[in-house]
Amino acid sequence: QTVVTQEPSLTVSPGGTVTLTCGSSTGAVTSGHYPNWFQQKPGQAPRSLIYRTSNKHSWTPARFSGSLLGGKAALTLSGVQPEDEAEYYCLLFYGAPWVFGGGTKLTVL
Amino acid sequence: QVQLVQSGGEVKQPGASVKVSCKTSGFTFINYGFSWVRQAPGQGLEWIGWIRVDNADTQFPQRFRDRVTLTTDTSTTTAYMELRRLTSDDTAVYFCARDINWDVDFWGQGTLVTVSS
């Protein structure tokens, strides 16, 4: 069974920069896994941020960026805002199935 | 504007089935696929299947393959997810999400399914 791994929690100061990663038990994450990133706040549906590794939706704030880094997918927040405090999930495509990571709880403190 | 509006919460007994709908508007329904995702209380997201509208192709993880049916109705631009043989472990919020070419963009608001005797 494929496992997608994310940091369980991270803390960042307002205005700071933080990178969340998304690894795969099958080996390096590549663009062929079409990484997607989502933000979820308590009691809300997920909100899509990044698709196909690094593409932003029209509503994605400029401070969010996606990349591949050291064999993992990565989501970088530059100039973190208090409203960025949330759970972040990555999603990787393995043909079938898609697999979500376990999520990273980002605290802005 | 793009909208995905899901049906209301359900309470089901163990062993029963549930069918959740995802009514869409604001885009050309047949051009897209729909993933279904669930989230158990206090837990992360779990992908439970995908359907492509134009040819009804479906994909499922192995653990849901014999319990989940995904369908769409192009006349009402609605996607459906049916889950059978419910157990308490199926208690979760179920989401539909639109996607095209591995771009998951818009989500429904979620439907709470509670399985309890």
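In the text below, chain A, chain B and the rest are named by the order of the sequence lines, each starting its count at 1.
- At a 4.5 Å heavy-atom cutoff, B:Val93 makes no contact with chain A through either its backbone or its side chain.
- Here B:Asn101 contributes atom CG and A:Tyr51 contributes atom OH; the two are 10.0 Å apart, rounded to the nearest 0.5 Å.
- Shortest non-hydrogen contact noted between A:Tyr89 and B:Gln43 is OH-O, 3.8 Å.
- Residues A:Trp59 and B:Asp105 form a side-chain contact, since some pair of their non-hydrogen atoms from C-beta on lies under 4.5 Å apart.
- Residue B:Leu45 holds its CG atom at 5.0 Å from CZ of A:Phe100, rounded to the nearest 0.5 Å.
- Interface remark: A:Leu91 contributes side-chain atoms only to the contact with chain B (heavy atom separation under 4.5 Å).
- Residue contact with chain B, scored on non-hydrogen atoms closer than 4.5 Å, is absent for A:Glu87.
- The cluster map of Ile, Leu, Val, Met, Phe, Trp and Tyr, joined by side-chain heavy atoms under 4.5 Å apart, puts B:Leu86 and B:Leu112 in different clusters.
- For chain A, the nearby part of B:Gln39 is the side chain; its heavy atoms alone come within less than 4.5 Å.
- Hydrophobic clustering places B:Leu70 together with B:Phe29 (ILVMFWY residues linked when any side-chain heavy atoms are closer than 4.5 Å, directly or through intermediates).
- Under the 4.5 Å side-chain heavy-atom criterion for grouping Ile, Leu, Val, Met, Phe, Trp and Tyr, A:Val80 is connected to A:Leu75 within one hydrophobic cluster.
- Note that CZ of A:Arg47 is 11.0 Å distant from CZ of B:Phe106, once rounded to the nearest 0.5 Å.
- Put simply, B:Val104 and B:Trp50 are part of the same group of oily side chains (I, L, V, M, F, W, Y) that touch within less than 4.5 Å, one to the next.
- In the hydrophobic cluster analysis, where Ile, Leu, Val, Met, Phe, Trp and Tyr join through side-chain heavy atoms closer than 4.5 angstrom, B:Ile51 is grouped together with B:Ile30.
- A ring-centre distance under 6.0 Å is found for B:Trp102 and A:Phe93.
- Between B:Trp107 and A:Phe38, the angle of the ring planes goes over 60°, which puts this pair in the perpendicular group of the 30/60° scheme.
- When all heavy atoms are compared, the tightest approach of A:Gln44 to B:Phe95 is O-CZ, 4.4 Å.
- Of the listed residues (A:Pro46, A:Pro97, A:Pro35, A:Gly102), the one with the most heavy-atom contacts under 4.5 Å to chain B is A:Pro46.
- Taking a 6.0 Å sphere around CD of A:Gln1, one finds it holds 12 or fewer heavy atoms contributed by other residues, nucleotides or ligands.
- Note: A:Tyr94 and B:Trp47 fail the aromatic proximity criterion, with ring centroids not under 6.0 Å apart.
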